[in-house]
Protein chains: 2
Amino acid sequence: MNRSIDKELDGPRACFIAAGLDVLGERWALLALREMSLGVHRFDQIARNTGASRDILTGRLRTLESRGVIERVQYSEHPPRYEYHLTTSGAEVAPILISLAAWSSAWMRDETPRASYQHSCGADLQPVVSCAVCGEEFAQGSLMLGPLVSAAGAEPASED
Amino acid sequence: MNRSIDKELDGPRACFIAAGLDVLGERWALLALREMSLGVHRFDQIARNTGASRDILTGRLRTLESRGVIERVQYSEHPPRYEYHLTTSGAEVAPILISLAAWSSAWMRDETPRASYQHSCGADLQPVVSCAVCGEEFAQGSLMLGPLVSAAGAEPASED
DNA sequence: ACAAGTAGGTTGGAAAATCCAACTTACTCC
DNA sequence: GGAGTAAGTTGGATTTTCCAACCTACTTGT
């Protein structure tokens with residue numbers, strides 16, 4: 001089991017973390033998604049609230065749209081004006097934002113006053129991540145490599 | 001409540017998500033942490049498995065070290081050789097990697113075969129994020145802005 | 001003993017991404 | 001009729017990143 005760690009990779013590790021970062025890891029992408037999660041949908045506001053340059057933001061929004069994370073919704077025809085909304089896929093980025101906010105809140109406190117986050121129950125953000133299958137909380141070192149998978153489905157084990 | 005969303009910000013939103021991305025959002029940082037989570041601790045291997053250029057990786061590892069996320073452990077004196085290990089703070093990045101891997105696995109499937117991840121119970125990665133206080137699962141739109149906080153503690157409400 | 005390999009970098013120069021301020025278009029509001 | 005708003009686009013400067021080669025000090029093989 002977990003032979004994959006010891007085996008020499010012939011190139012960079014192709015995994016779902018790397019694939020996710022391909023889309024969400026570009027600068028400003030997660031902050032733009034944060035804004036939409038908070039109900040901010042218009043270009044100028046997203047640009048202001050994130051601090052992204054307008055040209056770069058345009059590019060990011062196009063990428064996120066092409067990857068199905070957000071969609072452009074036209075709200076004016078003349079002139080053409082659009083709002084940006086999360087798709088289902090985009091809404092499901094929330095756990096990433098939640099984990100990031102919680103980690104940052106726990107470890108990145110400095111003098112700067114910052115907006116914190118809460119669960120809708122009113123409590124400070126204290127997310128617990130557990131396994132949907134066995135119900136156990138993810139503990140130290142409980143993230144492990146699994147088999148290779150692609151759109152076609154799981155691959156059979158390799159012969160090493 | 002949640003006046004903060006409607007209020008015009010005078011600058012970019014200073015929040016813990018943005019602060020976290022300051023450290024973890026630079027290119028290659030999360031992939032380097034992924035490697036350490038998987039038990040890979042040496043420079044050459046981290047460079048190979050992430051695909052990062054060696055010079056950039058050097059910079060990232062220094063930043064992560066200076067922010068207390070990883071530590072350099074010397075394992076040879078002549079010549080000086082180091083391993084990189086997660087600190088407690090670094091180990092707690094795991095929920096972010098888990099959420100990212102799960103999102104990516106759900107939404108980023110294409111033809112490319114990729115390494116998947118599992119919980120240590122052997123099940124495919126299906127994390128559930130719930131609130132430690134009320135126990136409820138984080139549902140759509142349940143991430144909300146809270147008060148401003150800094151190292152000194154919570155700020156009193158502003159006068160708007 | 002001597003060459004090759006390993007480990008953890010550093011260096012210089014090219015390429016790509018980002019930043020910034022200004023400009024554009026087509027409205028709406030006063 | 002002028003100012004303001006919204007969603008970009010543009011050109012040029014700046015910053016990051018990439019890449020391959022180099023360096024030092026061992027260790028291993030012959």
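Reminder, nothing fancy here: chain letters follow the sequence lines and each chain counts from 1. Atom set for the values below is all heavy atoms of this structure, side chains included, hydrogens, waters and symmetry mates excluded.
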- Provide the start and end nucleotides, 5' to 3', of the part of DNA chain C that has atoms under 4.0 Å from heavy atoms of chain A. C:dT18 to C:dC27
- Message: Whether A:R72 contacts D:dA7 is assessed here as follows: a side-chain N or O lying under 4.0 Å from the phosphate OP1 or OP2. Is that the case?
- Response: no
- Query: Has the side chain of A:E137 got a donor or acceptor atom that lies under 3.5 Å from a matching backbone atom of A:A139?
  - Reply: no
- Task: To the nearest Å, give me how far apart CH2 (A:W28) and C1' (D:dT15) are.
- Result: 13 Å
- Message: Using heavy-atom distances to pick each residue's nearest nucleotide on DNA chain C, tell me which of A:E77 and A:D55 is more 5'.
- Response: A:D55
- Send over the distance from B:L57 CG to D:dT16 P, rounded to a whole Å. 17 Å
- Item | A:L61 CG to D:dG8 C1', straight-line distance once rounded to whole Å | 11 Å
- Task: Would you classify A:R62 as touching base, sugar-phosphate or nothing, given that sugar-phosphate means primed atoms plus P, OP1 and OP2, and contacts are heavy atoms under 4.0 Å?
- Result: sugar-phosphate
- Message: Working to the nearest 0.5 angstrom, can you tell me the gap between A:I70 CD1 and A:L33 CG?
- Response: 7.0 Å
- Query: Out of D:dA6, D:dT24, D:dG11, which nucleotide sits closest to the side chain of B:R81?
  - Reply: D:dT24
- Spatial distance of atom OG (B:S116) from atom CG (B:L125) [nearest 0.5 Å]: 8.5 Å
- Side-chain contact, heavy-atom cut-off 4.5 Å: A:R109 with B:F16? yes
- Whole-Å distance separating the CD atom of B:Q74 from the C1' atom of D:dA25: 13 Å
- Query: Taking the side chain as C-beta and beyond, is there a heavy-atom pair between A:L38 and A:Y117 under 4.5 Å?
  - Reply: yes
- Note on the structure: Rounded to whole Å, CZ of A:R42 lies from C1' of D:dT5 at a distance of 11 Å
- Message: Rounded to whole Å, how long is the line connecting atom NE2 of A:H78 with atom C1' of D:dA7?
- Response: 16 Å
- Query: Does a side-chain heavy-atom distance below 4.5 Å link A:T50 with B:R13?
  - Reply: no
- Item | Nearest-0.5 Å distance that lies between atom CH2 in A:W103 and atom OG in B:S89 | 4.5 Å
- Message: With a cut-off of less than 4.0 Å, is there a side-chain N or O of A:R54 near OP1 or OP2 of D:dA6?
- Response: no
- Query: In whole angstroms, how far is the P atom of D:dG8 from the CZ atom of A:R48?
  - Reply: 14 Å
- Distance, rounded to the nearest Å, where A:Y82 contributes OH and D:dT9 contributes C1': 15 Å
